[in-house]
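First listed ligand is number 1; within each ligand, the first listed atom is number 1. Note that the structure is a prediction, hence the values are computed from the model and not measured.
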Amino acid sequence: MPGKNANIVVGLDLGTSSIVAVAAKVKSGGQLDIVGVGKAESLGMRKGTIVDIEKTASAVQKAVEEAERMSGYEIDRVVAGITGPHISSMNNHGVVAVSNERNEITPEDVQRALQAAKVVALSQDKRIIHILPRQYIVDGFDGISDPVGMFGNRLEVETSIIVGAKASVQNTLKTIEKTGLKVEALVFNALASSEAVLQNAEKELGTVLVDIGAGTTEIAIFREGSLLYAAVIPIGGDHITSDLAVGLRTPIAMAEKVKIEEGCVLTDLMPDDKYIEIPSVGGQEIRKVSRRMLASIIEPRVEEILFMIKEKIKSSGYSDVLPGGVVVTGGSASLQGLARLAEEILELPVRIGMPQNVGGLVDIVNSPAYSTAIGLVCFGAKRFSFGDEAAEEDEPVLVGFFYRIKNWFVNFFTQ
Ligand SMILES: Nc1ncnc2c1ncn2[C@@H]1O[C@H](COP(=O)(O)OP(=O)(O)OP(=O)(O)O)[C@@H](O)[C@H]1O
Ligand SMILES: [Mg+2]
């Protein structure tokens, strides 16, 4: 039986097409080395949301066991992702009086300010997933990222709040816990992906992170180091595949294979004298289809997805302050020609985001499809970011540990 190791962090991405578990070892200095990866077909999810707990739980088990075997460590806890079109963001503001006599701001004051910012009118079926401080204001002076130790009378915090469906959160926790795993933290997928693919300079400057998966597209806008806006659209690579299946009259599995191997979004650049053979539904007939024809089916759907992304960016109100452009990640970011078409439609610079800043078994995860799982690991690893805490046998304390990271992340477990 593999042993436990306090320095192992595991990210669990519950995706519409696959469930991915990535285990990494946190080395001294915070460097992450990937030591195990597991992947299982996801049969119990639709559009980023769990629709079958049993099937999803068994895929989680499979992915985690694979990561355990590869790493040689026993996995008993995970940092899990959550997504789905039920997720949205809003802004709020909290104000408190500094409590002690010396007027020196303490961590407790900051917690109280964040608690005050948590008071928002939510419908019964919604709950807060994250409260993300954007800046603190002390006695009217704004732009403060960590007010602890400063003097003042009045402490204010401006926050982005990420909200999701209560049932979805409960189903996610139940599914994972059913397999005997403990959920250390639940993180919105795009917030996690941003840890793996965005550079700090991009987060400062104003950048959109777009994660196009199989059933969902997540959008998150960062500026001045903070997340300002988040949205999830229930559309992704599965729609491209089903268009191909209909257009080419071929089974879904074949359409998926052709898309991955031969797909491109730029019709005009595709040769019309290069053919691929495609079996029809039933398999009796084999037809020849040009790569240009293939692209002509893919392009309009990708255009549609990009226009929906553009609409969300516009409705965020930040479209004029995004010099960092757009970073596209997620499995569908591997589609040939995507960055070029995205630049044309979004009218912003676009790059494809690959997971960065990790070592170890990097060749296995060297694809934008792993951004979320690796980002979840990055989040989990932050609990070790204070050197000494990486000591062996350290039982990580969850409540409030993210608080210490410049107060910028408050997990819902701390509420
Ligand atoms: N080379 C490729 N070209 C085009 N599409 C690709 C390629 N590789 C993967 N994909 C697509 O990426 C999608 C899977 O991406 P990903 O693993 O990020 O999704 P997911 O996390 O399971 O789903 P979601 O995030 O929507 O819940 C599938 O639709 C797949 O067809
Ligand atoms: Mg995904």
Asker: Treating Thr241 as the side-chain partner and Glu256 as the backbone partner, does any N or O pair qualify as donor plus acceptor under 3.5 Å?
Answerer: no

Asker: In Å and rounded to the nearest 0.5 Å, what is the NZ to CE distance from Lys126 to Met90?
Answerer: 8.5 Å

Asker: Could you list the atoms of ligand 1 found under 4.0 angstrom from a heavy atom of Ser334?
Answerer: 1 (N), 2 (C), 3 (N), 7 (C)

Asker: Which one of Ser332, Gly237, Ser367 has a non-hydrogen atom at the shortest distance from atom 13 (C) of ligand 1?
Answerer: Ser332

Asker: For ligand 1, which atoms sit closer than 4.0 Å to a heavy atom of Gly330?
Answerer: 18 (O)

Asker: Going by salt bridge (Lys or Arg N to Asp or Glu O under 4.0 Å), name the residues that satisfy it together with Arg249, two or more places apart in sequence or in a different chain.
Answerer: none

Asker: Can a non-hydrogen atom of Gly215 be found less than 4.0 Å from any atom of ligand 1?
Answerer: yes

Asker: Working to the nearest 0.5 angstrom, can you tell me the gap between Ile50 CD1 and Thr56 OG1?
Answerer: 5.0 Å

Asker: Please check this pair: side chain of Lys310 against backbone of Ile345, looking for a donor-acceptor N/O pair closer than 3.5 Å.
Answerer: yes

Asker: Under the side-chain contact (heavy atoms from CB on, under 4.5 Å) test, which residues partner Pro349, sequence neighbours left out?
Answerer: Glu343

Asker: Quick one: does ligand 1 sit under 4.0 Å from the side chain of Glu256, the backbone, both or neither, non-hydrogen atoms only?
Answerer: side chain

Asker: Below 4.0 Å from any atom of ligand 1, is there a heavy atom belonging to Ile260?
Answerer: yes

Asker: Taking distance alone, with no angle check, do Ala369 and ligand 1 share an N/O pair under 3.5 Å?
Answerer: no

Asker: Tell me: protein heavy atom nearest atom 19 (O) of ligand 1, and distance?
Answerer: Ala214 N, 3.2 Å

Asker: Test salt bridge (charged side-chain N to carboxylate O under 4.0 Å, His left out) on Lys174 and Glu177; report intermediate values, then the result.
Answerer: CA-CA 5 Å; Lys174 182 173 172 186; Glu177 281 160 6; over 6 Å; no

Asker: Nearest heavy atom to atom 9 (C) of ligand 1: which of Gly331, Ser17, Gly81, Ser42 does it belong to?
Answerer: Gly331

Asker: Atom NZ in Lys27, atom CG in Asp33: separation rounded to 0.5 Å?
Answerer: 4.0 Å

Asker: For atom 27 (O) of ligand 1, what is the nearest protein heavy atom, given as residue, atom name and distance?
Answerer: Thr16 OG1, 2.5 Å

Asker: Nearest protein heavy atom to atom 5 (N) of ligand 1, by residue and atom, and its distance?
Answerer: Lys259 CE, 3.6 Å

Asker: For Lys259, does the NZ atom sit with more than 12 other heavy atoms under 6.0 Å from it, leaving out its own atoms?
Answerer: yes

Asker: Could you check atom 4 (C) of ligand 1 against the protein and tell me its nearest heavy-atom contact, residue, atom and distance included?
Answerer: Leu335 CD1, 3.3 Å

Asker: Give me the residue, atom name and distance of the protein heavy atom closest to atom 21 (O) of ligand 1.
Answerer: Gly15 CA, 3.6 Å

Asker: Of all the non-hydrogen atoms in the protein, which one sits nearest to atom 25 (O) of ligand 1, and at what distance?
Answerer: Thr216 OG1, 3.5 Å

